[in-house]
Student: 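Structure in structure tokens, see below.
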Amino acid sequence: MPYILRLITVAFVAVFAENTIFARAMGTSTLIIVSRSRKNILGFGVCVSYITSVTGVLSFFIDKYILGGENELSYIYRPFVYILTLGIVYVITLLCLWKFFYKTFGNIKKYVHISAFNCAVLGAMFLNSKYCTTLPEYFFHGLGIGLGFLFAVYMTAIVYDRLYSREAPYCFRGYPLLLIYIGILSMAFSGLINYQLTY
């Protein structure tokens with residue numbers, strides 16, 4: 001039972017404390033694009049969570065068996081191996097969707113494109129290798145990062161119209177106010193959990 005609680009804690013830390021947007025600003029440009037339309041949020045969130053979970057599991061095997069732990073060569077080759085792995089997951093996902101969901105493939109593929117090539121997904125693989133040691137931890141941390149990204153997109157989407165409304169001062173309207181909003185949320189989350197980044 002304590003190990004299950006640890007896995008749940010790992011996921012919650014990835015959602016809130018290590019949130020890719022509010023703690024590390026990874027994937028902010030994708031967040032801005034997706035938050036424009038609320039109908040895309042769920043599909044995008046499911047796709048990001050799927051990709052971060054799958055690449056989390058794969059990064060466990062990469063870290064343990066291919067890169068072989070912490071040494072100078074692993075730091076050099078790790079980005080290339082992770083990007084190659086992400087590309088393979090992207091292609092296999094598209095092929096499976098095309099094969100089994102052909103009728104809805106046109107609607108689904110846009111989520112895969114935006115989700116797979118997102119710096120938050122690549123950053124999730126690096127964070128997994130830094131903080132996780134076992135396969136379930138890699139999976140739950142990856143899933144938590146995907147859900148945390150969905151949470152950040154939702155938090156932005158619910159105020160998106162107000163940030164671009166005519167009631168906002170002209171010099172702040174739109175993108176500047178959106179960045180200020182994300183910055184305030186980042187400070188609020190950091191203060192709420194009294195958390196300091198390790199680097």
Side-chain angles (χ1 to χ4, degrees), residues 10-16 18-62 79-129 132 138-164 174-175 178-179 181-182 185-186 189:
V10 165
F12 269 97
V13 166
V15 171
F16 297 108
E18 294 284 345
N19 189 291
T20 54
I21 295 293
F22 299 138
R24 302 184 184 276
M26 288 190 283
T28 307
S29 58
T30 307
L31 168 117
I32 293 169
I33 292 169
V34 175
S35 61
R36 292 178 184 168
S37 176
R38 292 184 190 176
K39 66 181 181 179
N40 295 328
I41 294 174
L42 184 61
F44 178 75
V46 168
C47 196
V48 167
S49 299
Y50 156 75
I51 290 178
T52 55
S53 302
V54 170
T55 54
V57 171
L58 293 175
S59 62
F60 168 78
F61 293 105
I62 290 168
F80 301 109
V81 175
Y82 282 174
I83 291 170
L84 179 65
T85 304
L86 193 53
I88 291 169
V89 169
Y90 167 74
V91 170
I92 290 173
T93 301
L94 281 181
L95 289 174
C96 290
L97 288 173
W98 179 74
K99 178 73 175 171
F100 298 110
F101 300 97
Y102 184 76
K103 292 182 179 179
T104 58
F105 178 71
N107 297 328
I108 299 173
K109 69 178 180 180
K110 64 182 178 183
Y111 300 122
V112 180
H113 297 322
I114 297 173
S115 301
F117 297 107
N118 178 356
C119 63
V121 175
L122 183 60
M125 296 178 79
F126 283 99
L127 291 173
N128 284 341
S129 67
C132 303
Y138 273 77
F139 173 76
F140 276 90
H141 194 260
L143 179 64
I145 288 175
L147 294 175
F149 199 83
L150 171 63
F151 173 71
V153 169
Y154 177 75
M155 291 290 289
T156 306
I158 58 176
V159 298
Y160 191 86
D161 295 336
R162 292 182 179 218
L163 299 177
Y164 281 81
Y175 189 70
L178 184 60
L179 292 180
Y181 173 74
I182 292 171
L185 280 178
S186 300
F189 273 87

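Quick note: residue numbers are just sequence positions, from 1. Atom set for the values below is all heavy atoms of this structure, side chains included, hydrogens, waters and symmetry mates excluded.
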Student: Taking ring-ring contact (aromatic ring centres under 6.0 Å, His included) as the definition, give me every residue that meets it alongside Y111, ordered by chain and number, with sequence neighbours left out.
Tutor: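 By the ring-ring contact (aromatic ring centres under 6.0 Å, His included) rule, Y111 matches no residue at all.
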Student: If you take all heavy atoms of G45 and L150, which pair is closest and at what distance?
Tutor: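 Reported closest heavy-atom pair: CA-CD1, 3.7 Å.
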Student: Drop me the distance from I145's CD1 to I51's CD1, to the nearest 0.5 angstrom.
Tutor: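 Output value for this atom pair is 13.5 Å.
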Student: Output the distance between atom CZ (F105) and atom SG (C96), rounded to the nearest 0.5 Å.
Tutor: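 Going from CZ on F105 over to SG on C96, the span is 10.5 Å.
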Student: Return yes when atom CZ of F101 has more than 12 non-hydrogen atoms of other residues, nucleotides or ligands closer than 6.0 Å, and no otherwise.
Tutor: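 Atom CZ in F101 is not packed in, count stays at 12 or less.
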Student: Going from CD1 on I33 to CG on N118, what distance comes out if it is rounded to the nearest 0.5 angstrom?
Tutor: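 Rounded to the nearest 0.5 Å, the CD1-CG separation comes out at 9.5 Å.
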Student: Taking all heavy atoms of T28 and all of I182, pick out the closest pair and write down the distance.
Tutor: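 Nearest heavy atoms, T28 then I182: CG2-CD1, 4.0 Å.
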Student: Can you list every pair that meets ring-ring contact (aromatic ring centres under 6.0 Å, His included) and has a residue in residues 20-46, with sequence neighbours left out?
Tutor: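 Listed by first then second residue: F22-F189, F44-F149.
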Student: State which residues pass ring-ring contact (aromatic ring centres under 6.0 Å, His included) with F140; sequence neighbours excluded, sorted by chain then number.
Tutor: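 F140 satisfies ring-ring contact (aromatic ring centres under 6.0 Å, His included) with no residue once adjacent residues are dropped.
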Student: Can you give me the closest heavy-atom contact between S59 and M125, atom names plus distance?
Tutor: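 Taking S59 first and M125 second, the nearest heavy atoms are CB-CE, 4.1 Å.
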Student: Would you mind reporting whether K109 and L97 have side-chain heavy atoms less than 4.5 Å apart?
Tutor: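 When only atoms from C-beta onward are counted, K109 and L97 do not touch, as no gap falls below 4.5 Å.
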Student: Without placing hydrogens or testing angles, list every side-chain donor-acceptor pair under 3.5 Å for residues 81-88, not counting sequence neighbours.
Tutor:
| residue | atom | partner | partner atom | Å |
| --- | --- | --- | --- | --- |
| Y82 | OH | D63 | OD1 | 2.6 |
| Y82 | OH | D63 | OD2 | 3.2 |
| Y82 | OH | R78 | NE | 3.4 |
| T85 | OG1 | V81 | O | 2.7 |

Student: On a heavy-atom basis, which atom in G146 and which in V48 lie closest, and how many Å separate them?
Tutor: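 Reported closest heavy-atom pair: CA-CG1, 3.9 Å.
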Student: Could you give the distance from OG (S49) to CG (L147), rounded to the nearest 0.5 Å?
Tutor: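 Answer rounded to 0.5 Å: 4.0 Å.
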Student: Roughly how far, to the nearest 0.5 Å, is the NE2 atom of H141 from the OG atom of S129?
Tutor: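 Answer rounded to 0.5 Å: 10.0 Å.
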Student: For residues 95-108, which residue pairs pass the side-chain hydrogen bond (donor to acceptor under 3.5 Å, both in side chains) check, not counting sequence neighbours?
Tutor: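 Not a single pair qualifies under side-chain hydrogen bond (donor to acceptor under 3.5 Å, both in side chains).
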Student: For N19, what residues pass the side-chain hydrogen bond (donor to acceptor under 3.5 Å, both in side chains) criterion, not counting sequence neighbours?
Tutor: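 By the side-chain hydrogen bond (donor to acceptor under 3.5 Å, both in side chains) rule, N19 matches no residue at all.
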Student: Taking all atoms of both residues into account, what is the closest heavy-atom pair of G144 and A14, and its distance?
Tutor: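 Closest approach of G144 to A14, heavy atoms only: C-CB, 3.6 Å.
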Student: To the nearest 0.5 Å, how far apart are OG1 in T55 and OH in Y138?
Tutor: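 That separation rounds to 11.5 Å.
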Student: State, to 0.1 Å, how close G56 and N128 come at their nearest heavy-atom pair, and which atoms those are.
Tutor: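 Taking every non-hydrogen atom into account, CA-ND2, 3.3 Å.
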Student: With a 3.5 Å cut-off and sequence neighbours excluded, list the donor-acceptor pairs that the side chains of residues 151-164 form with protein atoms.
Tutor:
| residue | atom | partner | partner atom | Å |
| --- | --- | --- | --- | --- |
| T156 | OG1 | A152 | O | 2.9 |
| Y160 | OH | R36 | NE | 3.4 |

Student: Can you list every side-chain hydrogen bond (donor to acceptor under 3.5 Å, both in side chains) pair that touches residues 87-96, not counting sequence neighbours?
Tutor: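 Every side-chain hydrogen bond (donor to acceptor under 3.5 Å, both in side chains) pair that includes a residue of residues 87-96, provided the two are not neighbours, is Y50-T93, Y90-H113.
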Student: Just do the side chain to side chain contact (heavy atoms under 4.5 Å, CB included) check on M26 and I21 with the steps written out, would you?
Tutor: CA-CA 5 Å; M26 288 190 283; I21 295 293; over 6 Å; no
